[in-house]
4 protein chains.
Amino acid sequence: MSDTAQGQPISRRERLKRERKERILDAAAAVFAGKGFHQATVRDVAELADVADGTIYNYFDSKFDLLIGLLARLARLETLPGELTEALQSDARDFFVAAFHDRIERIEQGEEMLRALLPQVFVRPELRERFYQQYVQRIATLLEQYLQAQIELGRMRPVNVPLTVRMVQGMFVGLLFLRILGDEPLQSGWEDVPEALATLVFDGLNPEDRE
Amino acid sequence: MSDTAQGQPISRRERLKRERKERILDAAAAVFAGKGFHQATVRDVAELADVADGTIYNYFDSKFDLLIGLLARLARLETLPGELTEALQSDARDFFVAAFHDRIERIEQGEEMLRALLPQVFVRPELRERFYQQYVQRIATLLEQYLQAQIELGRMRPVNVPLTVRMVQGMFVGLLFLRILGDEPLQSGWEDVPEALATLVFDGLNPEDRE
Amino acid sequence: MSDTAQGQPISRRERLKRERKERILDAAAAVFAGKGFHQATVRDVAELADVADGTIYNYFDSKFDLLIGLLARLARLETLPGELTEALQSDARDFFVAAFHDRIERIEQGEEMLRALLPQVFVRPELRERFYQQYVQRIATLLEQYLQAQIELGRMRPVNVPLTVRMVQGMFVGLLFLRILGDEPLQSGWEDVPEALATLVFDGLNPEDRE
Amino acid sequence: MSDTAQGQPISRRERLKRERKERILDAAAAVFAGKGFHQATVRDVAELADVADGTIYNYFDSKFDLLIGLLARLARLETLPGELTEALQSDARDFFVAAFHDRIERIEQGEEMLRALLPQVFVRPELRERFYQQYVQRIATLLEQYLQAQIELGRMRPVNVPLTVRMVQGMFVGLLFLRILGDEPLQSGWEDVPEALATLVFDGLNPEDRE
DNA sequence: TATGAATGAGGGTTCATTCAT
DNA sequence: TATGAATGAACCCTCATTCAT
């Protein structure tokens, strides 16, 4: 009687709860990114989210659990597999530029969350493991498969696949890190990064006979 | 040799002090790397260094100042300019492999200190700035000059110099990061990294006519 | 009998309310006895009573008020006056054994509630006073009168009446306490307590010439 | 060299520490007895002991640990075995009066600590067990042996030894409890308690042939 | 100069109570 | 009237720093 339209039940209540949870995570990302996880107090987060201190504990088990929440949300930003497989047919370099664009954009989107998370990823084993699995390993596997296939098709130079993939991945993390450090040249040239990245990386992957 | 020729008065007292300071920094690096700066207590450091809590404050102004101390010590590990300039003449690829070897080794040496420092570098403006200047900018400038020169000599493909340099630097940070994350393939293939790195980066820098 | 003769309008609604209140008190007794008043949360009580947190506040003013409720309910378990007065005529020792049996049983019945209450009785003046009046003083007065009468009839040794009554009462509390402490001999010999109690107390009250 | 007079070493420092620990326990007893363990804050204790909040944690692991400390101190007040064994020879009734006097006095001495402890003894298993072993069981065993011996010597009526001992012990606890409840007759007649207690208990223990 | 006990501000977390639905 | 999420005051405890010895 109260919810005949079972499709989207409880609607109101439920939606408010979800919104509030998101608001808290937004606040956590902003506050942690701004002053660092330890410098930030739960009250800082609560104030920015415009809730009472205690309310946060209705949604998260602990201050630390907010980081887990951010990590989960970050994982939701990840998709690429779709593009990747369909792009396998197209020209490799074009694909790389597109993929780089995609990554670079995501970094921009998620930068705040990454700034909030990364320092703790170094330090908390639980976070480290989750981050590695969700954020690094999955992508590494995809890239390895792609690279291997390209090499077998003769479209790329035979290289040490696992290490090369790590280097490319590492480069993204490293660029993010330099951005966070406030490196001027990188910030002003940010939109040219994908092209430069492709030039650096891809041309090096060309089979010798390309010339 | 370094002791006697110094003007004499350093002896005993002075050397003990210096040793003790180093012991404290060793302990700080180990403890901070192990549990993170905030999880670690000054007492943890004191105990590992085998001194009393208060003693640390005879050598450092604050807990945070220990990080500054580590940063300074890290800077002392940096030299390359010497090699770099002399190697400018030699074959570029050979130079790169050598330089990469050097960097990779240093990362290993300094990994503990970097693990202690990096998370805080994200978070403390003062540390960020020092780190950027001592550890990033100086090297970036050198690499830019070198790259520019090579390009002008026609030995390298004309690329976006500042961005390319950032990518290479970023890769080192990124690789360190992946190592800290515990990435298996990277750890087991660590000694092959310089060669793979050179293959990836350098071949991509070749002028087209090289072939 | 108690239901129909009441004037009718009690039905349903009213009875449900009363039942619910009892259910909440049952839960409170169980929870407080199990973990102690402060360790127990209102939510613990609510969950065991199968109501929402807020519902409890429709029946009780505060968490503390639950204790008052338990005390009131405990008082309802008390009656003895009836037996006492009628037994005044019978043989004193027989009366004592019967009375002890009665008390010992009550202790068993009310043990959970007493475990919930006693610790707070020590600590909360309001509770202390109510408990003393309802649970101690009334009975003390009765016992004093009885003892005084017996003495005057020459059936008991002339003793310090008020103190002796306190000792007997105290013994009940003390035995309950030892039971709660988990004393093995007391628990396994519990059904023999009335007889042993009578032997100890009553024989000591005999006039010397009785033998 | 620094402490040749090994007899009372480190003296100063060590004694100050011990004194401070006692001062904290004094304060804890007073505060917990006054408002109850949970109503009292660590700060209350600290203020009364005239130390900083944190100082308490240099001496005790937690707030709860203060109770353990009180229990330990209470145990130190206990001795009787000495008297007990030597008094085994003397007249039993005289011994009882003396022993009762002793107990009653101790209760007065330790009342504050007992008021602080008892409510929590009901509620904390760890405390309950310690209290039972240190404070009840030891004495129960002694009394049982004594009583048994007296019975075998024909000086006391053969009774259920374990239960009778529990009753006597329980009476002490119960009297303390009534005292805490503020019972007027008990308080004003407190000094007569040992005599009344002996009359009640001991005469009941007389063999029938005593007359 | 080294020591380590004392300090006390600060913060994560709990939970009784309220109140909109 | 029942619900249960929101509230925020309160409190235990940690730990960087100080300082008397």
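All values reported here derive from a predicted model rather than from experimental measurement. Letters A, B, ... are given to chains in the order of the sequence lines, protein chains preceding strands, and every chain is numbered from 1.
Side-chain atoms of A:D65 never come within 3.5 Å of backbone atoms of A:S62 as a donor-acceptor pair (strictly under, hydrogens ignored). A distance-only check finds a donor-acceptor pair linking the side chain of B:K63 to the backbone of B:A40 [under 3.5 Å]. Using modelled atom types, no side-chain atom of D:R115 and backbone atom of C:V123 make a donor-acceptor pair closer than 3.5 Å.
Residue B:R43 places no side-chain N or O under 4.0 Å from the OP1 or OP2 atom of F:dT14. In terms of phosphate contacts, C:Y59 brings a side-chain nitrogen or oxygen within less than 4.0 Å of OP1 or OP2 of F:dA2. Regarding contacts with the backbone of E:dG11, every side-chain N or O of A:T41 stays at 4.0 angstrom or more from both OP1 and OP2. Side-chain nitrogen and oxygen atoms of D:R23 include none within less than 4.0 Å of the OP1 or OP2 phosphate oxygen of E:dA6. Contact annotation: C:N58 side-chain N/O to F:dT1 OP1/OP2 distance is not under 4.0 Å.
Taken together, the paired segments of DNA chain F that extend over three or more consecutive Watson-Crick or G-U pairs, each closer than 3.5 Å at both contacts, are E:2-21 with F:2-21.
Closest to the C:S62 side chain, of the nucleotides E:dT17, F:dT3, F:dC13, is E:dT17. Which of F:dG8, E:dA2, F:dC13 sits closest to the side chain of B:T55 comes down to E:dA2. In this structure, the nucleotide among E:dA6, E:dG12, E:dT3 sitting nearest to the side chain of A:V42 is E:dG12. Distance from the side chain of D:K63 is smallest to F:dC12 among E:dG12, F:dC12, F:dT3.
Taking for each of B:Q39 and A:V51 the nucleotide of DNA chain F with the nearest heavy atom, the 5'-most of the two is the partner of A:V51. For the pair B:D53 and A:F64, nearest-nucleotide mapping onto DNA chain E gives the more 5' position to B:D53. The residue among D:H38 and C:K17 whose nearest nucleotide of DNA chain F lies closer to the 5′ end is C:K17.
Under the side chain to side chain contact (heavy atoms under 4.5 Å, CB included) rule, B:R20 has a single partner from B:L25, B:T55, B:N58, which is B:T55.
Taking CG of C:L67 as the reference point, atom CG of C:L118 lies at 11.0 Å (rounded to 0.5 Å).
The residue A:A46 sits apart from the nucleic acid: no heavy atom pair falls under 4.0 Å.
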